[in-house]
Amino acid sequence: MRVIPCLDVDRGRVVKGVGFLGLRDAGDPAELAARYDQEGADELVILDITASSDDREIMLGIVERAAEQVFIPLTIGGGVRSVADAKALLRAGADKVAVNSAAVARPQLITELAGELGSQCVVVAIDARRRAGTEPVRQADAKFEVVTHGGRRATGLDVLEWAGSCAERGAGEILLTSMDRDGTELGYDLELTAAVGSTVRLPLIASGGAGTLDHLVAGAALGSASGLLAASIFHFGRYSIADAKSYLAAHGIGVRPTTV
Amino acid sequence: MIAVLDYGIGNLRSAEKALQHVGADAHLVTDPDLAAQARGVVLPGVGAFGACSAALRRSGLDAVARDVIDRGVPFLGICVGLQLLFEGSDEDPRAEGLAILPGRVRSLAPSERLPQMQWNMVAPVESRPSRLLGTVATTSDGGPEGAGSMWFYFVHSYAPMPEADAACTVVGACDYGGPVVAAIERGELFGTQFHPEKSGMNGLRLLARFAAACGEA
């Protein structure tokens with residue numbers, strides 16, 4: 001099981017908010033990335049959450065600085081619209097590139113990225129929201145809808161269908177965020193994660209809602225995730241990576257030890 | 001100088017940076033003549049076997065790889081770079097490997113999520129102490145490390161299945177729906193299916209041991 005801190009970056013700073021609103025400063029991305037590597041994080045995800053064209057150069061600079069000091073896999077996302085965008089990030093030091101809105105708008109992008117760069121560096125980030133009236137369980141199909149643009153835009157796409165389509169097109173991994181849970185610290189949406197996990201055979205990262213160490217355990221045990229993404233529980237020092245890993249290990253979940 | 005063969009695929013900078021981080025004079029090299037003079041050579045590889053095989057041939061660096069291995073220059077193949085040492089791969093049946101080691105590259109167990117994209121523990125083959133894995137004390141700091149020292153980062157859907165002659169080169173394996181070749185070693189020829197450049201401190205230590213084998217750092 002991989003423990004993956006996520007750094008949401010806005011104008012060059014790590015921020016964290018609730019449902020992408022009310023952002024709170026959490027530090028310098030490259031510094032934080034290096035710290036998480038040293039503390040034993042298994043991977044890092046850095047998402048440019050503003051992703052305006054002005055910020056593109058800032059982000060490349062951040063990736064370059066982070067890559068100097070980080071020797072674990074680095075996934076970069078936010079505003080990737082083309083193979084050229086992805087290549088620029090890989091050149092700057094990213095190992096994987098996450099695509100989201102642009103892939104929904106033009107699914108062929110996934111095929112192009114996988115063909116040019118290899119599936120191993122193509123992560124499709126899926127932001128999912130429960131359709132009104134589907135919590136708790138009501139009907140089995142089309143319960144979760146893909147949303148884009150930081151949750152502001154509904155697409156009408158069924159999450160499970162979209163995840164399947166991403167896999168067919170050559171995605172190497174799915175980063176699945178529950179927009180209902182993101183920033184709430186109420187725990188991952190386990191039903192969502194398990195549904196996607198049983199639909200596609202790709203590695204699956206659960207995201208959105210981790211607030212306690214029990215949430216991590218539940219994500220691994222019940223959500224069938226192969227990676228656990230969390231932000232605020234690490235950024236603000238409530239738990240260390242070592243805390244998370246020893247708790248997972250104590251619950252029988254295999255993790256890489258943080259001490260060697 | 002350690003030459004990291006740059007044959008125009010993916011992100012090869014990370015291998016160069018990680019070697020530099022451990023004090024080696026490592027550089028991405030496209031010029032076959034320059035690569036032939038290096039004290040050590042690294043063949044990284046990401047993406048599909050066929051694409052890497054074709055790109056390596058186009059670059060003319062395939063001949064350098066054969067030459068330096070023949071001459072006993074320390075050589076490290078990483079991921080698809082390891083796979084390329086074998087004859088071919090089920091991933092792209094028409095593509096040819098360098099066939100320096102007998103055997104083919106096969107798909108991992110379909111019962112598991114593919115690719116294997118995770119950290120996994122490498123079990124050293126006890127009867128075969130490895131300079132690369134640090135299971136033989138050849139340097140002052142080459143002694144055994146802690147229990148976490150054999151965890152490395154893997155990203156792959158295929159792995160080599162060495163045949164008789166090459167089977168004895170396997171020095172480490174991991175479990176992913178069955179045993180999977182993780183590291184090979186034969187004289188100065190080394191290979192890892194995992195990515196040492198992405199395996200944190202453990203990977204840096206491994207690269208430092210390779211650099212030491214090259215007489216660097």
* Applying a criterion of heavy atom separation less than 4.5 Å, what residues of residues 189-198 of chain B form contacts with chain A? -> B/Glu197, B/Lys198
* Of the non-hydrogen atoms in A/Pro257 and B/Trp151, which two are nearest, and what is the gap between them? -> CD-NE1, 3.3 Å
* To do: Can you tell which part of A/Ala92 gets under 4.5 Å to a heavy atom of chain B, answering side chain, backbone, both or neither?
  => backbone
* Structure fact -> One option among B/Gly203, B/Pro115, B/Ala48 has the most heavy-atom pairs under 4.5 Å with chain A, and it is B/Pro115
* Structure fact -> Applying a strict 4.5 Å limit to non-hydrogen atoms, the region of B/Gln116 in contact with chain A is neither
* So which heavy atom on A/Arg201 is nearest to which on B/Glu112, and how close? -> NH2-C, 3.4 Å
* **Polar side-chain atom of B/Arg113 near backbone of A/Leu204 as donor-acceptor pair, under 3.5 Å** => no
* Are A/Cys121 and B/Val46 close enough that some pair of their side-chain heavy atoms sits under 4.5 Å apart? -> no
* When you look at CD of B/Glu126, are more than 12 heavy atoms from neighbouring residues, nucleotides or ligands closer to it than 6.0 Å? -> no
* To do: Please confirm whether the backbone N or O of B/Tyr153 pairs with a side-chain atom of A/Arg256, one donor and one acceptor, at under 3.5 Å?
  => no
* With a 4.5 angstrom heavy-atom cut-off, which part of A/Ala94 approaches chain B: side chain, backbone, both or neither? -> backbone
* To do: Report yes if the side chains of A/Arg91 and B/Arg13 come closer than 4.5 Å at any heavy-atom pair, otherwise no.
  => no
* In this structure, are over 12 heavy atoms from other groups packed under 6.0 Å from B/Met1 atom CE? -> yes
* Asked: What closest approach, in Å, do B/Gly200 and A/Asp37 show between heavy atoms, and which atom pair accounts for it?
  -> CA-OD1, 4.4 Å
* Asked: When rounded to the nearest 0.5 angstrom, what is the spacing between CD in A/Gln38 and CE in B/Met201?
  -> 7.5 Å
* **Closest non-hydrogen atom pair, B/Leu114 against A/Leu202** => O-CD2, 3.7 Å
* Asked: Among A/Ile72, A/Val255, A/Val3, which one satisfies side chain to side chain contact (heavy atoms under 4.5 Å, CB included) with B/Trp119?
  -> A/Ile72
* Sort B/Leu204 into side chain, backbone, both or neither according to what part of it lies under 4.5 angstrom from a heavy atom of chain A. => side chain
* Top contributor to chain B interface from A/Ala67, A/Gly93, A/Pro203 [non-hydrogen pairs under 4.5 Å] -> A/Pro203
* To do: Give, as side chain, backbone, both or neither, the part of A/Arg2 having an atom under 4.5 angstrom from any heavy atom of chain B.
  => side chain
